[in-house]
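As structure tokens, the structure follows; a few thoughts come after it.
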There are 2 protein chains.
Amino acid sequence: MPVPVLKSGRLDVMGNTSSRTLRLLSLLQTHRHWAGSELADRLNVSLRTVRRDIDRLRDLGYPVDPQRGIDGGYQLAPGATLPPLVVDDEEAVALVLGLLAGAQSPVAGTAEASVRALGKVIQVMPKRLRRRVDALRSTTEQATWVPPAASVEGDTLIAVAQACRDSERLDFDYTAADHVRSQRRVEPHRLVSLGRNWYLVAYDLTRQDWRSFRLDRLAAPRTTGTRFGPRDLPADGAAAFVRAGIAKIPRPVQVDAVIAAPVDEVRSRVGRWASIDERADGTCRLQFSTESLDWATLTLGATGADFAIQGPPELLEHLRTWADRFTRATKIRGARLK
Amino acid sequence: MPVPVLKSGRLDVMGNTSSRTLRLLSLLQTHRHWAGSELADRLNVSLRTVRRDIDRLRDLGYPVDPQRGIDGGYQLAPGATLPPLVVDDEEAVALVLGLLAGAQSPVAGTAEASVRALGKVIQVMPKRLRRRVDALRSTTEQATWVPPAASVEGDTLIAVAQACRDSERLDFDYTAADHVRSQRRVEPHRLVSLGRNWYLVAYDLTRQDWRSFRLDRLAAPRTTGTRFGPRDLPADGAAAFVRAGIAKIPRPVQVDAVIAAPVDEVRSRVGRWASIDERADGTCRLQFSTESLDWATLTLGATGADFAIQGPPELLEHLRTWADRFTRATKIRGARLK
DNA sequence: CTCTTTAGGACAGGAACTGGCATCAAGGGG
DNA sequence: CCCCTTGATGCCAGTTCCTGTCCTAAAGAG
């Protein structure tokens, strides 16, 4: 007789109200609209209790909009804070892939947040999902690739980020700018994304001083498992510390060109992120900024039309070398190079 | 006297155990390692209760690894399912941007999942965060842009996805392939990502039949707010239905080239997703597949070295046109085009 | 071995959860 | 305008289960 019959009061297993609150949250996130009776059915409680649970959610700060009358129900609405997100397997994988892409294209300061979120998810993600992520990553990478940036392995990024978050000592191999390799043992402090690169600010236990390391020159990170206490960084902040040691952030390229094609066509081929102005003679003026001449070249090439460069001059030079190489490539038959 | 002093039993507001379970989950997600006493402190309960709460989490299926002895504590471990994710504001923004990118580069079937997750997050995201997402999107777009695909507005994608999920009628403007514009009222059924395009499978209420719509030709979607019941789709599934109406999926381009540069250099410039084989004479062979000739061209250009194309022939042709246009561009002075 | 920290049983008081019932309010449809 | 459906709220009684205290075990670290 596994099911004890109770006249009233709480029933079945344990952690009831907690578990039910989470399940309710999860249900409200999958569908927009839920009838009270349906929720009661799913949660195995009376309608009255469902209403109380909904009230509980509201008290927790997650607004639930009611809808009365026939075909009424509840729906989760935007509140002051984001409720705990309940995602299924596929969504989790998509989420991680998206965050990886976001972490590796440090555009507008979301890179750090991407890595933080990534750390959270990776930590608790079932292993089977990690495998799926690994399998898909190689495929996805292409779409998120940004030409000439020194790229960091996703695994490295996550491992270092977690070590920072958890204040765990970190060992790794480092290849300095002068190609000298060394083994390091550090107390990782913060991860900073500057320009197109990732930097680790850490206290180097061997050198007994603060250092910053470029993540793309860092290999085989492994945590020793030992945690360490806080230590004061001399500079004003991690980002300032890195910037003091670098002082050169890649300067963006301001592209300005005239395209021999109508505005609409250029826009459809180039995307919405460039500014495109119409000109009187059916051509248009294309302006955008990027950090890479390669990217600028691709954009101009993708317009599929003739164009003229107003600036910058180095782009013109870059185009010339590409044109020369392409021309040579079209004249070579087979694999005979050199 | 706002704080009632109680000798025993539960205290303060309401929804205690639920709220505490969520807060515990949130704490365990931010740091890897938490001492029991610290948790007790944060949650304002006794140590014994914290242990019981941890037990509750374990019963809910979220393994919490203990660590005994000095400097012991708890940490959330990967379990069978992903626990509800508690993310802060910045992480939420990063998450949405990542998912948007994932939804718009339909690589390996994660596109649908990205859109689903996106729907969940958007629905409950505080408005101030939505504004931040909107502000950042234009900046981010560049990095996730894939050359010549018909691009779909993020807002459109989300709106249609939500209408599908919630079974709500949808009105929109549609521009067919023959440029004829029309107003549609449909019952949206599913969103399918095929090749590089998004398709909406829906029952057209005006035409009284099932149709599939390309999302990039769809504008100003708006839900009427009225829900509808399930309706049987004639074909085997949404994807099959779309495929039946299309039948041409963009064929991938298999690129095979020889580069006049050493393997290491090519790899560092091109990325890890292409296969690069060493050749005897210091050159290397580069192979990869992509759906876009433009992309292939960029990749070859980014190697920064001379190269020869083994195939496909259309790539050679494509290179020639680019080279010609680039050459012309370098010969034009100023904005005088045509 | 000792110290620290988690694990978990027993216990008692009391808070809080549950279902049922009644009343009110709000939409939708005829 | 009336009726029906569905959510909002208050109250009650029964009982469950949550909480802090006390205590004993067990497991790592030094």
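Below, chains carry the letters A, B, ... as their sequence lines are ordered, and counting in each starts from 1. Only this structure's heavy atoms are used, side chains among them; waters, hydrogens and symmetry mates stay out.
Ranking D/dT5, D/dA8, C/dT18 by closeness to the A/Tyr74 side chain, first place goes to D/dA8. Considering only side-chain atoms of A/Arg68, the nucleotide from C/dG27, C/dA10, C/dG19 that sits closest is C/dG27. Candidate nucleotides C/dG8, C/dA7, C/dG28 were compared by shortest atom distance to the side chain of B/Pro66, and C/dA7 ranks first. Minimum atom distance to the side chain of B/Arg56 is reached by D/dC18, of the listed D/dT5, D/dC18, D/dC22. The listed nucleotides are C/dT6, D/dT21, C/dC21; the one nearest the side chain of B/Ala35 is C/dT6.
Here the P atom of nucleotide D/dC18 and the CD1 atom of B/Ile54 are 15 Å apart, to the nearest Å. In this structure, the CG atom of B/Asp71 is 13 Å from the C1' atom of C/dC3, given to the nearest Å. In this entry the distance linking CG of A/Leu43 with C1' of C/dC17 reads 15 Å, nearest Å. A/Gln75 places its CD atom 17 Å from the P atom of D/dT6, with the value rounded to the nearest Å. Straight-line distance from the CD atom of B/Glu38 to the C1' atom of C/dT4: 16 Å, rounded to whole Å. We find that CD of A/Gln67 is positioned 11 Å from C1' of D/dG7, with the value rounded to whole Å. Between A/Asp55 atom CG and D/dT9 atom P there is a gap of 6 Å when expressed in whole angstrom units. Computed from coordinates, the A/His33 NE2 to D/dT6 P distance equals 10 Å when rounded to whole Å.
With DNA chain C read from its 5' end, the first of the two nearest nucleotides for A/Gly69 and A/Arg48 is the one closest to A/Arg48. Map A/Asp53 and B/Val64 each onto its nearest nucleotide of DNA chain C; the residue landing nearer the 5' end is B/Val64. Take the nearest nucleotide of DNA chain D for A/Trp34 and for B/Leu47: the residue whose nucleotide is more 5' is A/Trp34.
The phosphate of C/dT18 has neither OP1 nor OP2 within less than 4.0 Å of any side-chain N or O from A/Ser46. Listed pair A/Arg20 / C/dT18 meets the phosphate criterion, a side-chain N or O lying under 4.0 Å from OP1 or OP2. Using a 4.0 Å cut-off, some side-chain N or O of A/Arg51 falls inside it from OP1 or OP2 of D/dG7. Residue B/Arg58 places at least one side-chain N or O under 4.0 Å from the OP1 or OP2 atom of C/dA7.
For B/Asp55 and B/Arg52, the salt-bridge test fails: no basic side-chain N is under 4.0 Å from an acidic carboxylate O. B/Asp134 and B/Arg131 are not joined by a salt bridge, as no carboxylate oxygen comes within less than 4.0 angstrom of a charged side-chain nitrogen. With respect to B/Asp173 and B/Arg184, no salt bridge is recorded, no charged nitrogen being found less than 4.0 Å from a carboxylate O. Salt bridge status for B/Asp204 with B/Arg185: absent, with no side-chain N to carboxylate O gap under 4.0 Å.
Note: A/Phe228 and A/Tyr203 fail the aromatic proximity criterion, with ring centroids not under 6.0 Å apart.
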